[in-house]
Amino acid sequence: MSSENRPSIRRSFALRLTLWYASIFAISSGLAFLLFYVLIANVIRDRIDRDLLEQVGKFSTLLATDGINAVTRVAVVEAQAAGEKKIFFRLLSRYGSVFFSSNMQYWKDIGVNRDALQTLLERRRPVFDTITLAERKPRVRILYSVIGSGVVLQLGQSMEHYTRFMEAFQNIFVLTMASLIVLAALVGWFMARRALGGVLEVTRTARRISEGALAERVPVNPGGDEIDELAITFNEMLDRIETLIKGTREMGDNMAHDLKSPLTRMRGIAEITITTDSSLAEYRNMAAETIEACDRLLDMINTMLVISKTEAGVGDLMLQELDLARVAEEACDLFQPMAEDKGVALGCHARDCPFKGDIRLIQRMISNLVDNALKHTPRGGTIWISVAPEGPGGVRITVKDTGVGIAEKDLARIFERFYRADPSRSESGAGLGLSLARAVARAHGGDIHVESAPGKGSTFTVALPMGAHL
Ligand code: ADP
């Protein structure tokens, strides 16, 4: 990835995670603080209201027992005792006219709230009012209550404690929130970087690989978390790609090798034709050899095309009902003369197995397996073909020989295109027969397996579903 394509700091996932984390943290802490603030404010206000109601209770009892003069006397004393800047008393008629008050020097801006008075008289329950004075910070909580017939008490108390507490609370809130947001952002950034560290490592490795270091792998921690899973899967994918690249390279080498021989041969023949005077019979021979070499090449190219087409899938198959037993017996008959020439016993045991498939491809698959067995079984050996139903709805075709067998190291690779085990290089063949056999088996929904012991022989088994896949 070029540096321009890399995510900028603004678009980086880690940054977005951090912002999300910090925002969610800030919003939830803010809400918690707000709730706390409202609760505390209510508690303090309730406390003030309770104090005011207590006073009202006291004054109505006093009025009932000792009369209005006692009320005014006590009001003056109470205001002085509590502080004349903290509390005031006013006695009003039901129409709002003031007939007594404690020292109102400090409270002169506070009048009588007619609406509150009206509500009080209508509801016959104490009415609370809160006033904000222009030149003073603390608000004033006022209670209107009837304390006797025709006597209304207007009682006011400064909300100084309340205001001070709320101010302190607000300052703490701002400070705490600011530090919490910074802390949340730092923690969020740290966590996001840690969580995404593994992803960055994968990205870095992918970049180094794209620059050519194919052997690079992502380091895996023993922790086994999701990122390690990603690293393991990524490494497995790289292993697979490396194997595929190696296989393709080897296939290319093998193919070049197989193409080289007939082409060199044809060139040699052409050169002799130009440089020497030969008889017509010799020219004919040379032409025949050229045709043979060309046929080999064409055969190889055609087989490759058939493999590719077959691997492409069921759509390209020409399906028909066929009896696998008959196909196997026909193959046996076909190869019988060759086997006799070579001094190899060839036998077949096939049970009726109706099957839906592409007869040309199935014939080629069986022929390739029998042909291979003949090529690799020395004189005196035996080849046995069998076809039998297997399990519910399956069929098994087996070609077993007592030939040279296949070395362990070749077993896994003989189905690759152009792969030929070393001892077979002297034999005819392009290393495509088993690739075609596997492509045919898979195109019919089955597969092919081999078991072999060097020096003892090999058994190729094709397992097919009896048309259930089609
Ligand atoms: P080819 O026969 O053209 O070489 P195949 O794809 O048919 O190519 O086979 C690949 C390789 O597998 C052969 O080169 C041979 O080494 C090995 N092989 C296949 N069948 C047998 C067998 N029956 N016995 C021993 N080796 C075998």
Side-chain angles (χ1 to χ4, degrees), residues 303 306-307 310-311 314 317 322-336 339 344-378 381-417 419-421 424 429 431-470:
T303 311
V306 175
I307 295 175
T310 311
E311 278 178 351
V314 176
L317 302 184
L322 55 106
D323 183 2
L324 283 178
R326 271 199 55 201
V327 180
E329 277 156 6
E330 278 168 13
C332 192
D333 292 346
L334 187 74
F335 283 94
Q336 204 56 258
V344 171
L346 173 61
C348 176
H349 177 264
R351 282 167 53 195
D352 276 1
C353 285
F355 182 77
K356 200 171 172 195
D358 187 320
I359 189 157
R360 284 171 313 116
L361 292 176
I362 297 283
Q363 276 170 342
R364 262 188 105 161
M365 175 180 75
I366 297 178
S367 300
N368 282 351
L369 295 177
V370 180
D371 185 45
N372 276 348
L374 263 176
K375 270 197 284 188
H376 301 288
T377 305
T382 311
I383 298 169
W384 190 248
I385 310 169
S386 74
V387 177
E390 186 184 53
V395 57
R396 182 167 37 85
I397 306 167
T398 315
V399 178
K400 185 179 168 125
D401 66 58
T402 57
V404 293
I406 304 162
E408 182 80 32
K409 70 173 174 56
D410 296 320
L411 268 185
R413 307 203 48 199
I414 53 172
F415 293 101
E416 290 172 18
R417 278 181 227 190
Y419 187 81
R420 304 176 71 201
S424 318
L432 291 172
L434 288 180
S435 313
L436 179 62
R438 184 167 72 174
V440 172
R442 288 189 175 169
H444 285 82
D447 212 343
I448 182 166
H449 299 103
V450 60
E451 280 170 35
S452 184
K456 289 191 178 158
S458 314
T459 306
F460 284 86
T461 307
V462 180
L464 297 171
M466 252 193 238
H469 63 292
L470 304 167

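Because the structure is predicted, anything quoted here is derived from the model rather than measured.
- Taking the side chain as every heavy atom from C-beta outward, Phe415 and Val450 approach each other to under 4.5 Å.
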| request: List the steps and the verdict of side-chain contact (heavy atoms from CB on, under 4.5 Å) for Ile385 and Glu329. | output: CA-CA 8 Å; Ile385 310 169; Glu329 277 156 6; over 6 Å; no
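- Val306 is listed as a side-chain neighbour of Leu361, based on a closest heavy-atom distance under 4.5 Å.
- Taking CG from Asp401 and CG from Asn372, the interatomic distance works out to 9.0 Å, rounded to the nearest 0.5 Å.
- Proximity of Lys356 to Leu322: side-chain heavy atoms (C-beta onward) are nowhere separated by under 4.5 Å.
- Under the 4.5 Å side-chain criterion, counting only non-hydrogen atoms from C-beta, Asp410 is in contact with Tyr419.
- Salt bridge absent: Asp447 and Arg438 never bring a charged side-chain N and a carboxylate O closer than 4.0 Å.
- Between Phe355 and His444, the two ring planes are tilted [angle within 30° to 60°].
- Nearest heavy-atom pair across Ile448 and Ala441 is N-CB, 4.3 Å.
- We find that Glu416 and Arg413 are joined by a salt bridge, their nearest charged nitrogen and carboxylate oxygen being less than 4.0 Å apart.
- Closest heavy-atom contact between Cys332 and Gly347: SG-C, 4.0 Å.
- Across Val395 and Cys353, no two heavy atoms sit closer than the pair CG2-SG, 3.6 Å.
- With a 4.5 Å cut-off on side-chain heavy atoms, Val462 and Leu369 count as touching.
- Here CD1 of Ile397 is found 5.0 Å from CG of Leu464. Values are rounded to the nearest 0.5 Å.
- Under a 3.5 Å cut-off, the side chain of Thr402 and the backbone N or O of Gly381 do not form any donor-acceptor pair.
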| request: Start with the C-alpha distance between Ile362 and Leu324, add both sets of side-chain angles, then the distance that settles side-chain contact (heavy atoms from CB on, under 4.5 Å), and finish with yes or no. | output: CA-CA 9 Å; Ile362 297 283; Leu324 283 178; 3.7 Å; yes
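- Listed here is the closest heavy atom pair of Val440 and Met365: CG1-SD, 4.0 Å.
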| task | Please lay out, stage by stage, how Arg396 and Val387 fare under the test side-chain contact (heavy atoms from CB on, under 4.5 Å). | result | CA-CA 6 Å; Arg396 182 167 37 85; Val387 177; over 6 Å; no
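- Here the straight-line distance linking atom CD1 of Ile359 with atom CZ of Arg326 works out to 7.5 Å at 0.5 Å rounding.
- One finds the CZ atom of Arg417 at 5.5 Å from the CD1 atom of Ile307 (value rounded to the nearest 0.5 Å).
- Pro454 approaches Ala407 most closely through the heavy-atom pair CG-CA, 4.0 Å.
- Here CZ of Phe460 is found 4.0 Å from CD1 of Ile406. Values are rounded to the nearest 0.5 Å.
- For the side-chain hydrogen bond (donor to acceptor under 3.5 Å, both in side chains) condition, the pairs that include at least one residue of residues 448-458, sequence neighbours left out, are Ser452-Ser458.
- Remark: Ser386 OG to Lys400 NZ distance equals 9.0 Å, nearest 0.5 Å.
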